[in-house]
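Positions are given from 1, in the same order as the sequence printed here.
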Amino acid sequence: MHHRFSTAYQEPYSLDELALEYGVNKYRLCREFAKYYEYTPIQYLNKVRIEKAKELLLSTDEKIVDISQMVGIENTNHFIRLFKEKTGVTPLTYRRETPVIN
């Protein structure tokens, strides 16, 4: 699951579907995943998505709404809130204020 989230982060996931797929209770799934990776599955997935969004913000001219879609977060407002929660700034501010190192 860890590898899957790291490579297919743009796919939609739900804990119920993951629990069914892996044949384990969703609460146990969260507990066991967090034991090894310090995050629940969804927290880890969001972390990966935000890291990829940061890369895209600095390396492309794509619109925020498009980047949100590219990393698998359909609701742009949710993406902006989540990005700000994780980084302290909005995606647009991040793009404008982060120096690009070549």
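- In terms of the side-chain contact (heavy atoms from CB on, under 4.5 Å) criterion, residue partners of K86 (sequence neighbours excluded) are, by chain and number, I50, L82.
- If you take CZ on R49 and CD1 on I42, they are separated by 7.5 Å, rounding to the nearest 0.5 Å.
- When side chains are defined from C-beta on, K52 counts as touching V71, because their heavy atoms get closer than 4.5 Å.
- Residues passing the side-chain hydrogen bond (donor to acceptor under 3.5 Å, both in side chains) test with S6 are Y44, sequence neighbours excluded.
- Not one N or O on the side chain of S68 forms a donor-acceptor pair closer than 3.5 Å with the backbone of I64.
- Using a 4.5 Å heavy-atom cutoff, the side chains of I80 and E85 are not in contact.
- Inter-residue side-chain proximity for R95 and T60 is flagged as met; some heavy-atom pair is nearer than 4.5 Å.
- Of all heavy-atom pairs between C30 and P41, the closest is CA-CD, 3.7 Å.
- Note: F5 and Y13 have perpendicular aromatic rings, judged against thresholds of 30 and 60 degrees for the angle between ring planes.
- In this structure, F79 CZ and I67 CD1 are separated by 6.5 Å, a value rounded to the nearest 0.5 Å.
- Y27 and Y22 fall into different hydrophobic clusters, defined by Ile, Leu, Val, Met, Phe, Trp and Tyr side-chain heavy atoms under 4.5 Å apart, directly or through other members.
- Going from atom CG of D16 over to atom CG of L29 covers 10.5 Å, rounded to the nearest 0.5 Å.
- To the nearest 0.5 Å, the span separating CG on L15 from CG on L45 amounts to 10.0 Å.
- Note: the hydrophobic cluster containing V65 does not contain L56 (ILVMFWY, side chain heavy atoms under 4.5 Å, direct or indirect links).
- The 12-atom threshold is not exceeded at CD of E38, counting heavy atoms of other residues, nucleotides or ligands nearer than 6.0 Å.
- In this structure, CG on N46 lies 13.5 Å from OH on Y9, to the nearest 0.5 angstrom.
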Next on the checklist: Checking Q10 against M70 for the side chain to side chain contact (heavy atoms under 4.5 Å, CB included) test, could you report, in this order, the C-alpha distance in whole Å, the side-chain angles of both residues, the deciding distance, and whether it holds?
Outcome noted: CA-CA 6 Å; Q10 70 281 5; M70 291 166 74; over 6 Å; no
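- Under the 4.5 Å side-chain heavy-atom criterion for Ile, Leu, Val, Met, Phe, Trp and Tyr, M1 and V24 are members of the same hydrophobic cluster.
- Minimum heavy-atom separation, A34 to T40: CB-N, 4.2 Å.
- Between R96 atom CZ and L57 atom CG the span is 11.5 Å, to the nearest 0.5 Å.
- Using a 4.5 Å cut-off between side-chain heavy atoms of Ile, Leu, Val, Met, Phe, Trp and Tyr, with links allowed through other members, V89 and I73 fall into the same hydrophobic cluster.
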Next on the checklist: Between Y39 and F33, is the ring pair (Phe, Tyr, Trp, His ring centres under 6.0 Å) condition met? List the steps.
Outcome noted: CA-CA 7 Å; Y39 299 95; F33 191 92; 8.7 Å; no
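- For the pair K26 and E17, the salt-bridge criterion is not met [side-chain N within less than 4.0 Å of a carboxylate O].
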Next on the checklist: Evaluate Q69 against N75 for side chain to side chain contact (heavy atoms under 4.5 Å, CB included), listing each step before the verdict.
Outcome noted: CA-CA 8 Å; Q69 301 286 314; N75 182 312; over 6 Å; no
Item to check | Audit row: N25, E32, side chain to side chain contact (heavy atoms under 4.5 Å, CB included) steps and yes/no | outcome: CA-CA 11 Å; N25 174 295; E32 293 295 320; over 6 Å; no
